[in-house]
Amino acid sequence: LGIFSIIYFLFEVFEPIKYKLFTEPKEKILAGKILLKHGKETLDSFKLWGDKMLFFNTSRTGFISYNIANNVAVCLGYPVCSKQELTTFVNEFEHYCKQKYLAVCFLQVDNKYIDIFEKLDYKKIKIGEDAVIDINVFLKEVLPKNKDMRRIKKKFEEENYIVEVLTPPHSSNLLRQ
C-alpha cells in the first residue's frame with residue numbers, strides 16, 4: 001500500500017509538468033493550424049496565450065480556448081472549428097464540463113453565431129459595445145468642437161508624438177519594434 005501511495009503521489013505531482021513540457025507545445029501547434037484554417041474573429045490572437053486551457057473536439061479539427069473561474073469554464077469567443085461542427089462541438093464541451101462539475105459560459109460571441117447558441121439553450125447578455133468611428137469625421141467635426149480633445153491633441157503635439165497609419169504587409173523591422 002505504501003509503494004502504491006508513493007507512485008500515485010509522484011504521478012500526480014509530475015503529471016502537470018509532463019503536460020507543460022510535452023503535451024501543451026504540441027497542442028498549441030495544432031491549435032495554431034486550426035486557427036489558420038477557421039479563425040475569423042478579433043479575439044483569436046488571444047486564444048493561444050498561456051493563461052488559457054485548450055479543449056479539442058474528438059476529431060481534433062477544432063478547439064475551445066477557456067479558463068476556469070468560480071466553477072465556470074469561461075470560453076473566449078466561440079469554438080474555432082467549421083460552422084458545421086459547432087453544435088456537436090459545444091455539446092461535447094458541455095459534457096466534458098459537466099463531468100468536472102463546471103458551468104459553461106461563452107464570452108464575446110459574434111452575432112452571426114448567436115442563433116446557434118440560443119438553440120443550444122444559452123442566453124445572451126449584452127456587455128458593452130465596440131466603438132467604430134470614421135477617423136476623417138472625427139478629425140474634422142468632433143475634435144475641433146471638443147475642448148478636452150483639443151487640449152489632449154495639443155499636449156501630444158508638444159511632446160512630439162506622431163500618428164501614422166500603417167497598412168500590411170509590415171516589414172520585419174517594424175514588427176520587431
Side-chain angles (χ1 to χ4, degrees), residues 16 19-21 24-56 62-83 85-86 89-90 93 97 102-120 122-177:
Y19 175 80
K20 277 280 187 203
L21 292 176
E24 186 181 46
K26 293 175 191 169
E27 288 185 344
K28 293 235 178 181
I29 290 169
L30 175 60
K33 289 178 182 176
I34 295 169
L35 262 179
L36 288 173
K37 185 174 183 181
H38 297 294
K40 294 175 182 75
E41 67 175 296
T42 55
L43 297 173
D44 285 343
S45 60
F46 301 108
K47 290 183 177 181
L48 298 181
W49 283 21
D51 63 333
K52 292 172 202 66
M53 294 177 269
L54 302 175
F55 176 84
F56 291 88
F63 73 95
I64 293 174
S65 180
Y66 72 101
N67 208 334
I68 298 171
N70 297 325
N71 293 327
V72 177
V74 181
C75 307
L76 182 59
Y78 54 87
V80 181
C81 63
S82 70
K83 196 167 183 176
E85 295 177 295
L86 192 61
F89 191 13
V90 171
F93 184 67
C97 289
L102 298 171
V104 179
C105 167
F106 288 90
L107 187 64
Q108 292 184 289
V109 173
D110 195 293
N111 282 337
K112 63 186 170 197
Y113 294 98
I114 291 293
D115 58 327
I116 295 171
F117 282 93
E118 286 178 336
K119 286 177 187 170
L120 292 167
Y122 283 89
K123 308 292 182 249
K124 69 177 175 181
I125 300 172
K126 185 174 180 171
I127 305 172
E129 198 163 323
D130 291 337
V132 179
I133 61 168
D134 182 330
I135 193 68
N136 293 321
V137 171
F138 178 79
L139 291 173
K140 291 176 186 168
E141 297 177 19
V142 177
L143 189 62
K145 295 176 186 173
N146 188 304
K147 180 180 166 184
D148 290 329
M149 294 300 265
R150 285 194 315 267
R151 182 181 50 75
I152 292 168
K153 181 180 180 244
K154 185 178 177 186
K155 182 178 179 182
F156 272 87
E157 288 170 349
E158 288 170 356
E159 294 185 17
N160 294 321
Y161 282 97
I162 57 168
V163 175
E164 288 181 80
V165 177
L166 304 171
T167 54
H170 301 298
S171 69
S172 300
N173 284 342
L174 178 65
L175 293 175
R176 276 193 289 275
Q177 291 176 13

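Given the structure is predicted, the values throughout are model-derived calculations rather than measurements. Residue numbers start at 1 and run along the sequence shown.
With L76 as reference, L43 is the one residue of V109, I64, L43 to meet the side chain to side chain contact (heavy atoms under 4.5 Å, CB included) rule.
By the 4.5 Å heavy-atom criterion applied to side chains, T42 and Q108 are not counted as neighbours. A 4.5 Å side-chain heavy-atom check between F63 and L35 finds at least one atom pair inside the cut-off.
Taking the centre and axis of the six-membered ring of Y161, the NZ or CZ atom of K155 falls outside the cone set by 45° and 6.0 Å.
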Steps toward side-chain contact (heavy atoms from CB on, under 4.5 Å) verdict (V90, Y122): CA-CA 11 Å; V90 171; Y122 283 89; 3.9 Å; yes

Walk me through it: do Y78 and K83 pass the test side-chain contact (heavy atoms from CB on, under 4.5 Å)? CA-CA 10 Å; Y78 54 87; K83 196 167 183 176; over 6 Å; no

Verify side-chain contact (heavy atoms from CB on, under 4.5 Å) between K26 and I29, making sure each step is shown before the conclusion. CA-CA 5 Å; K26 293 175 191 169; I29 290 169; 5.7 Å; no

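Taken to the nearest 0.5 Å, the NZ atom of K28 stands 11.0 Å off from the CH2 atom of W49. Between atom CG of residue L86 and atom NZ of residue K119 there is a gap of 11.0 Å, rounded to the nearest 0.5 Å.
Without hydrogens or angle criteria, N67 side chain to D51 main chain gives a donor-acceptor distance under 3.5 Å. Under the 3.5 Å distance criterion, the side-chain polar atoms of D110 are matched with a main-chain donor or acceptor of K112. A donor-acceptor pair is defined here as one N or O able to donate and one able to accept, closer than 3.5 Å; no such pair exists between the side chain of K124 and the backbone of F117.
Of all the heavy atoms in K52 and F46, the pair that sits closest is NZ-O, 3.2 Å. Heavy atoms only, all atoms of each residue included: V104 and C75 are closest at CG1-SG, 4.3 Å. Of all the heavy atoms in F106 and G77, the pair that sits closest is CD2-O, 3.3 Å. A pairwise comparison of heavy atoms in E41 and K47 identifies OE2-NZ, 3.1 Å as the closest pair. The two residues L48 and A31 make their nearest non-hydrogen contact at CD2-CB, 3.4 Å. Across all their heavy atoms, I34 and G62 have their closest contact at CD1-N, 3.7 Å.
In N70, the CG atom is not crowded: 12 or fewer heavy atoms of neighbouring residues, nucleotides or ligands sit closer than 6.0 Å. Around the NZ atom of K37, the shell of radius 6.0 Å holds no more than 12 heavy atoms that belong to other residues, nucleotides or ligands. Within 6.0 Å of the CG atom in L36, the count of heavy atoms belonging to other residues, nucleotides or ligands exceeds 12.
For Y66 and F93, the ring centers are positioned less than 6.0 Å apart.
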